[in-house]
Amino acid sequence: MGCAASTMESEEDFNPLLQDKKMNDLIEQQIQLRRQNEKQLFKLLLLGAGESGKSTVLKQLRLLHQGGFSQPERVQYAQVIWVDLIQSMKILIIQARKFGVPLDCDKANNPLTPYKQLVLRIDPLQQIETDSAGGSNFLSEFVIKYSEGYKQKRKVNTGSASTAQGWDMNLADDDSNKLTIEGIATELQEVSKFQNGGIQDRFKVAEAIKKLWEEDSGIRRTFARANEFQMETNVKYYFENVNNFADPNYICTDTDILKGRIKTTGITESNFDINSFKFRVLDAGGQRSERKKWIHCFEGINAILFVVALSEYDQTLFEDERVNRMHESIILFDSLCNSKWFANTPFILFLNKIDLFQEKLPKSPLRRYFPDYQGSPNNVEEAVQFFTNIFLRSNRTNKPIYVHTTCATDTKSMKFVLAAVTDVIVQKSLQKSGLI
Ligand SMILES: Nc1nc2c(ncn2[C@@H]2O[C@H](COP(=O)(O)OP(=O)(O)O)[C@@H](O)[C@H]2O)c(=O)[nH]1
Ligand SMILES: [Mg+2]
């Protein structure tokens with residue numbers, strides 16, 4: 001038998017026609033296999049204005065389908081939050097003065113005065129750097145991020161015209177200000193190494209922030225007007241847990257990471273296996289200067305997940321304080337939904353930050369910002385329906401839009417929402433390619 005087989009093989013070996021056919025079959029098989037694999041890769045693009053919650057959705061996917069965050073990442077996130085936390089208290093003090101809100105800590109001989117002095121004296125970045133022998137690239141990058149970010153904002157704010165901008169606007173690129181999440185992560189690792197020497201100082205700063213947050217009525221009054229200036233979304237959570245973040249060895253919980261923010265620049269790609277389907281999720285920076293990069297990833301997309309922060313109906317853009325954030329989102333959604341690029345691409349709409357919207361609605365009348373709102377002032381459902389209608393009305397194509405009300409920081413509810421979303425993407429994509 002062995003002998004016969006070897007004779008057959010050698011015949012084939014010497015037959016050029018059979019050789020060609022064999023090679024062709026092999027190539028054809030490989031092409032088929034690649035096509036099949038490509039068909040099974042579902043590409044989801046996350047879009048929406050800056051701070052709407054796109055990266056938080058991605059974090060939930062990581063928690064649910066990729067085993068979550070590593071220990072070094074958890075330590076690094078704590079560092080970013082610590083810097084943001086100090087910066088946020090400084091902003092509150094400075095903003096109180098701009099508003100003319102009297103601060104207890106500004107009064108002569110007030111016990112809070114030394115705490116204020118400590119907070120104002122500290123440069124959150126320098127404070128960490130002075131403990132280091134060699135300094136840190138992370139810190140200089142982080143300083144650039146802050147200073148350039150604010151410079152850019154000032155430049156736009158002092159410009160002449162105020163026009164809301166879609167994805168095809170053409171602002172100056174801010175690549176010089178580019179700071180990737182990976183970059184921050186590596187640099188932060190460096191920082192936490194040399195920070196241990198200053199641990200007592202960090203706890204003093206934490207105590208000062210806690211005192212001002214809890215005891216200065218002017219700080220609270222200013223915070224109540226946070227919609228009138230730029231504040232991190234979950235700063236209240238940072239202040240309430242300030243001691244954790246002061247500890248340079250603190251390891252962030254999942255909640256800390258979901259509530260924390262690192263501004264996304266450029267486009268990140270993440271791959272997930274969800275119910276034996278392969279998903280590629282693209283997360284893009286949402287601020288105006290980032291949007292012209294979006295077009296690079298418009299090809300071959302199976303669905304768009306557009307994220308809107310409901311709670312931002314009374315806030316203005318970081319990059320242009322004359323523009324209402326919700327108005328910007330509506331215009332952005334309109335331009336994407338009706339663009340030729342996505343004529344047949346399913347759209348999923350997340351009306352996000354419902355938790356903050358619920359909290360805010362009774363305090364900040366919706367009609368003040370959207371005079372067309374006819375529902376009752378404190379009725380969350382009616383208010384959500386009002387915005388749902390606005391977004392659905394702007395769709396001038398025949399494609400359906402799948403709407404979900406979400407709290408992207410809540411893993412439990414997001415588990416259900418994301419399961420429904422991935423299901424619909426698979427169904428629609430397979431239908432489109434005629435496979436079901
Ligand atoms: N409370 C609350 N915070 C949220 C929610 N979604 C996002 N955030 C926070 O909003 C901030 C901006 O979110 P991020 O995902 O970075 O926005 P992106 O710019 O669209 O990627 C982060 O601090 C998040 O923790 C939400 O539903 N509720
Ligand atoms: Mg982001």
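Quick note: numbers below take in every heavy atom, side chains included, and nothing from hydrogens, waters or symmetry partners. Start at 1 with the first residue, then count along the sequence.
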### Query
Going through the checks in order, is the ring pair (Phe, Tyr, Trp, His ring centres under 6.0 Å) test met by Phe272 and Phe279?
CA-CA 5 Å; Phe272 301 95; Phe279 274 83; 8.4 Å; no
### Task
Please state whether the rings of Phe333 and Phe391 are parallel, tilted or perpendicular, taking 30° and 60° as the class boundaries.
perpendicular
### Message
Between Asp254 and Arg74 (salt bridge meaning N to carboxylate O under 4.0 Å), is one present in this structure?
### Response
yes
### Query
So do the side chains of Val205 and Ile86 get within less than 4.5 Å of each other, counting heavy atoms only?
yes
### Task
List the steps, then state whether side chain to side chain contact (heavy atoms under 4.5 Å, CB included) holds for Lys353 with Cys407.
CA-CA 5 Å; Lys353 301 198 183 180; Cys407 173; over 6 Å; no
### Message
Do Phe69 and Cys252 have side chains that approach each other closer than 4.5 Å (heavy atoms only, starting at C-beta)?
### Response
no
### Task
Could you tell me if the ring centre of His404 sits under 6.0 Å from that of Phe416?
no
### Task
Please confirm whether the backbone N or O of Glu382 pairs with a side-chain atom of Asn379, one donor and one acceptor, at under 3.5 Å?
yes
### Message
In the structure I gave you, are the side-chain heavy atoms of Thr405 and Phe357 within less than 4.5 Å of one another anywhere?
### Response
no
### Task
Establish, from distance only, whether the side-chain atoms of Asp256 and Tyr250 form a donor-acceptor pair under 3.5 Å.
yes
#### Entry: Basic-acidic side-chain contact under 4.0 Å: Glu73, Arg62
yes
### Message
Does Lys415, at its NZ atom, have more than 12 non-hydrogen atoms belonging to other residues, nucleotides or ligands within less than 6.0 Å?
### Response
no
### Task
Flag the pair Trp213 / Phe239 as yes when their ring centroid distance falls below 6.0 Å, and as no otherwise.
yes
### Message
I'd like to know if the side chain of Ser364 and the backbone of Leu361 have a donor-acceptor N/O pair within less than 3.5 Å.
### Response
no
### Message
Less than 4.0 angstrom from a charged side-chain N to a carboxylate O is my criterion; do Glu228 and Arg225 meet it?
### Response
yes
### Nearest heavy-atom neighbours spanning Cys337 and Asn395
SG-OD1, 3.5 Å
### Query
If you measure from the Lys or Arg side-chain nitrogens to the Asp or Glu carboxylate oxygens, is any gap between Asp106 and Lys116 under 4.0 Å?
yes
#### Entry: Phe342 backbone acceptor or donor facing Lys399 side chain under 3.5 Å
yes
### Phe42 ring center within less than 6.0 Å of Phe277 ring center
yes
### Query
Salt-bridged, Arg322 to Asp320, with N to O below 4.0 Å?
yes
### Query
Regarding Asn338 and Asp334, is there a side-chain donor-to-acceptor distance under 3.5 Å anywhere?
yes
### Summary
Only one of Ile425, Ile401, Ile304 passes side-chain contact (heavy atoms from CB on, under 4.5 Å) with Ile348, and that residue is Ile425
### Task
Please check if atom CG in Asp273 has more than 12 non-hydrogen atoms from other residues, nucleotides or ligands closer than 6.0 Å.
yes
### Message
Within the supplied structure, the quantity of interest is the number of heavy atoms (other residues, nucleotides, ligands) at a distance under 6.0 Å from Asn398 CG; does it exceed 12?
### Response
no
### Query
Gln95 side chain to Lys90 main-chain N or O, any donor-acceptor pair under 3.5 Å?
no
### Query
Distance-only, no hydrogens or angles: does the Arg325 side chain make a donor-acceptor pair with backbone N or O of Gln315 under 3.5 Å?
no
### Query
Nearest heavy-atom pair of Leu258 and Thr56: which atoms, and what distance?
O-CG2, 3.8 Å
### Task
Check whether any side-chain N or O of Thr406 sits under 3.5 Å from a backbone N or O of Phe350 as a donor-acceptor pair, and report yes or no.
no
### Task
Spell out, as yes or no, whether a donor-acceptor pair under 3.5 Å connects the side chain of Thr388 to the backbone of Val384.
yes
### Message
Go through it in stages, so that I can follow the logic: the residues are Val80 and Arg261, the test is side chain to side chain contact (heavy atoms under 4.5 Å, CB included), and I'd like the CA-CA distance, side-chain angles, deciding distance and then a yes or no.
### Response
CA-CA 8 Å; Val80 173; Arg261 171 160 202 260; over 6 Å; no
### Task
Evaluate the side-chain proximity of Val308 to Phe387: yes if any heavy-atom separation is below 4.5 Å, no if none is.
no
#### Entry: Side-chain donor/acceptor of Glu312 to backbone N/O of Ser52, under 3.5 Å
no
### Message
What I want to check is whether the side chains of Thr345 and Asn302 have a donor and an acceptor closer together than 3.5 Å.
### Response
no
### Message
Assess, by modelled atom type and distance only, whether the side chains of Glu328 and Asn324 contain a donor and an acceptor separated by less than 3.5 Å.
### Response
no
### Task
Tell me, with the steps shown, if Ile209 and Leu85 meet side chain to side chain contact (heavy atoms under 4.5 Å, CB included).
CA-CA 9 Å; Ile209 290 174; Leu85 215 158; 3.8 Å; yes
### Message
So which atom in Gly53 and which in Asn352 form the shortest heavy-atom distance, rounded to 0.1 Å?
### Response
CA-ND2, 3.8 Å
### Message
Quick one, Phe306 with Lys54, criterion side chain to side chain contact (heavy atoms under 4.5 Å, CB included). Give me CA distance, side-chain angles, the key distance, then yes/no.
### Response
CA-CA 8 Å; Phe306 191 91; Lys54 300 178 292 296; over 6 Å; no
### Message
Is any side-chain heavy atom of Tyr369 closer than 4.5 Å to one of Met326?
### Response
no
### Query
What pair of heavy atoms forms the shortest contact from Ala284 to Ile267, and how long is it?
CB-CG1, 3.9 Å
### Query
Can you say whether the rings of His327 and Phe370 are parallel (under 30°), tilted (30 to 60°) or perpendicular (over 60°)?
tilted
### Query
Is Asp314 salt-bridged to Lys360, cutoff N-O under 4.0 Å?
yes
### Message
Between the side chains of Glu214 and Arg220, is the shortest nitrogen-to-carboxylate-oxygen separation below 4.0 Å, so that they form an ion pair?
### Response
no
### Task
Please check if the side chain of Asp283 supplies one atom and the backbone of Thr268 the other of a donor-acceptor pair under 3.5 Å.
no
### Summary
Correct closest heavy-atom pair for Gln60 and Thr409 would be NE2-C, 3.4 Å
## Note on the structure
Note: Thr411 and Leu63 closest approach over all heavy atoms is OG1-CD1, 4.1 Å
